[in-house]
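Heads up: the structure comes next, in structure tokens.
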2 protein chains.
Amino acid sequence: MPVKQKSSNDSRAGGPTIATAVYDQIRRDIITGVLAPGHKLGSTGLRERYNAGISPVREALNRLAAENLVCFEDQKGFHVAGVGSEDLADLIKTRCWIEEIALRESIANGDDAWEDAIVLAFHRLSKVPRSASSDSYEFNPDWEKLHHAFHGAILGNCGSPRMIAYCDLLADQANRYRQLAASISYPNRSEGDEHQELMNAAIERDVEKAVALHHAHLGKTNNIIMKSGLSLPEGQIAL
Amino acid sequence: MPVKQKSSNDSRAGGPTIATAVYDQIRRDIITGVLAPGHKLGSTGLRERYNAGISPVREALNRLAAENLVCFEDQKGFHVAGVGSEDLADLIKTRCWIEEIALRESIANGDDAWEDAIVLAFHRLSKVPRSASSDSYEFNPDWEKLHHAFHGAILGNCGSPRMIAYCDLLADQANRYRQLAASISYPNRSEGDEHQELMNAAIERDVEKAVALHHAHLGKTNNIIMKSGLSLPEGQIAL
DNA sequence: ATGATAGCAATATTCCAATATTTATCCACA
DNA sequence: TGTGGATAAATATTGGAATATTGCTATCAT
């Protein structure tokens, strides 16, 4: 029996595959916390949720598994990577180590265009509210995008594609914890100030100060979550 | 639909999935150079080669793509990640940065058990020939495994699962270049000496010396390939 | 000759049904 | 009550057919 798939002969040549589209969506849902840590990613549920067949869904999950955003066990299926205080500590520590290198290199290589990009990114970020709601914390995709761009502008001058890619991956992993921290600390933490100080130190080429501020910036997420006494929903950790 | 529940064979719980098995095989074939950089990874070819259906093969490829050992373009399929002098330079540079951190931490945390493990790993490595053939260089899986274990023993004490995992990934990526370097320099390079010096410095907790030796060890691959004037088969680079 | 384009072959992607495995349930029995 | 073990249900994995897309080749108009 011939089954009609999506017979859409639109003029545009076939863009991204379904697998890629689903990958993007699941990834976003994990990072933003829509899909909770530890949540089981069963075939049938995902098929409905993302309106796709099993194959592309599984391909997406396999990619995510390689990035450690998803865990899997052979024959047992997939689930969202868990979170935990130990994992958080390792993540922050690793980010401090890695991003310190990227920061030092970026500053060392910094030129006028680099400065301009940072100033621009900061300016754009400062115009967007931290939370989508003014009452309480709510994920704001615009802010997140600009925040990522700001830090990317600072570290992106390190000259190593690999380093940049790994920083991005770690940042994505950290995003899940950051959402938690934001919901705890909102609206008391003034990230704008932290960013401004960091920017100034970078532009002034004050390497040691920039590194110290950067470490503090990263450590804050950990401090907020740990101080809150909120116990993380311990689940399977990817690594 | 009636479901068949009679499983013919049993007594043994279903081990790794076919997808995982194929993943392991393709990965090894890429790292050892059996599958050349840039080589097209077409469905039909892989299906035959690894004797599996399309689904598991594609799942394996998706995992490898996320590790940057394989590249893909939507609707165009997969191919082995390319190599190139630029990529090699970035890889070596990144490894120097990252592994320096792991090395310093490992030494700082080092205790007797750590020393013992290094000595043991070195001893085992030294008993196995570099090349499977004495005439010319030939990939020797035993040596490779023990070599990996030796460096793992040194860096594995850094206390960060993420750091260790990333070091491993970088080492795997570098393996393809190392095979090339080995075939060029064999039998003139005495890696045994390099390893011994590194081991001694580590055990003596001579941090700066160990770091210097480690950098030199990593840089050697680059030097060998670059000095040989051998042009790398430029292909698509993963990153 | 050059460039455009339709038709066709090759390949990549996707859906789905068949199969394998795990998980839950029930029952016999100590 | 609790334990082991069969059986059924649920779920995960896989193979292959069906579909979509790309890339090639032949043909034609300029």
Side-chain angles (χ1 to χ4, degrees), chain A residues 1-26 35 38-66 70-81 235-236, chain B residues 1-26 35 38-66 70-81 235-236:
Chain A
M1 58 177 88
V3 179
K4 257 293 181 50
Q5 275 181 330
K6 201 174 37 170
S7 61
S8 63
N9 265 357
D10 45 36
S11 50
R12 287 227 275 109
T17 59
I18 296 182
T20 296
V22 171
Y23 164 81
D24 287 335
Q25 293 179 65
I26 299 182
L35 289 173
H39 184 269
K40 182 85 164 75
L41 297 166
S43 315
T44 40
L46 294 180
R47 253 179 59 153
E48 281 192 14
R49 186 177 227 280
Y50 298 103
N51 194 39
I54 284 183
S55 310
V57 166
R58 285 183 61 88
E59 292 192 10
L61 290 173
N62 274 284
R63 286 184 216 172
L64 291 165
V70 155
C71 302
F72 76 99
E73 215 179 334
D74 280 346
Q75 317 285 18
K76 306 272 190 72
F78 299 82
H79 53 261
V80 180
Q236 286 212 42
Chain B
M1 249 301 127
V3 179
K4 281 202 159 149
Q5 69 273 19
K6 200 65 234 137
S7 43
S8 48
N9 51 359
D10 55 323
S11 74
R12 166 83 72 251
T17 59
I18 296 182
T20 296
V22 171
Y23 164 81
D24 287 335
Q25 292 177 66
I26 299 183
L35 289 173
H39 186 268
K40 182 82 165 75
L41 297 166
S43 316
T44 38
L46 293 179
R47 255 178 58 150
E48 280 191 14
R49 186 177 226 279
Y50 298 104
N51 195 38
I54 281 185
S55 311
V57 165
R58 284 185 62 88
E59 292 192 9
L61 290 174
N62 274 285
R63 284 183 217 172
L64 292 165
V70 156
C71 302
F72 76 99
E73 215 180 333
D74 280 347
Q75 318 285 18
K76 306 270 189 72
F78 299 82
H79 54 261
V80 179
Q236 287 213 43

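Just the heavy atoms: all of them, side chains too, but no hydrogens, waters or symmetry mates, feed the values below. In the text below, chain A, chain B and the rest are named by the order of the sequence lines, each starting its count at 1.
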Exercise answer: donor-acceptor pairs, residues 49-56 of chain B side-chain atoms, under 3.5 Å, sequence neighbours excluded:
residue : atom : partner : partner atom : Å
B:Arg49 : NH1  : B:Asp29 : OD2          : 3.0
B:Tyr50 : OH   : B:Asp29 : OD2          : 2.7

Considering all heavy atoms, the nearest B:Ala60-B:Ala19 contact: CB-O, 3.8 Å

Return the value, rounded to whole Å, for the distance between atom CG of A:Asp74 and atom C1' of C:dT22. 13 Å

A:Lys40 vs D:dA12: side-chain N/O to OP1/OP2 distance below 4.0 Å: yes

Would you mind reading off the distance between A:Glu73 atom CD and D:dT13 atom P, rounded to a whole angstrom? 10 Å

In residues 42-51 of chain B, what residues come within less than 4.0 Å of DNA chain C, judged by heavy atoms? B:Gly42, B:Ser43

Note, A:Leu41 side chain near A:Leu35 side chain (heavy atom, < 4.5 Å): yes

For the side chain of B:Ala52, starting at C-beta, report the closest nucleotide among D:dG15, D:dT21, D:dT14. D:dG15

Minimum heavy-atom distance B:Ala66-A:Ala66, with the two atoms named: CB-CB, 3.3 Å

Within this structure, what is the CD1-to-P distance between B:Ile18 and C:dA20, rounded to whole angstrom? 10 Å

Does B:Tyr23 have any ring-ring contact (aromatic ring centres under 6.0 Å, His included) partners at least two apart in sequence or in another chain, and if so, which? none

I need the full list of salt bridge (charged side-chain N to carboxylate O under 4.0 Å, His left out) pairs touching residues 50-65 of chain B, with sequence neighbours left out, sorted by first then second residue. A:Arg58-B:Glu59, A:Glu59-B:Arg58

B:Lys40: what forms a salt bridge (charged side-chain N to carboxylate O under 4.0 Å, His left out) with it, not counting sequence neighbours? none

Within the 4.5 Å heavy-atom criterion, are A:Leu46 and A:Leu61 side-chain neighbours or not? yes

I need the OH-P distance between B:Tyr23 and D:dT14, as an integer number of Å. 15 Å

To the nearest angstrom, how far is A:Gln75 atom CD from C:dT21 atom P? 6 Å

Of all of residues 53-62 of chain B, which get a heavy atom below 4.0 angstrom from DNA chain D, listed by number? B:Gly53, B:Ser55, B:Pro56

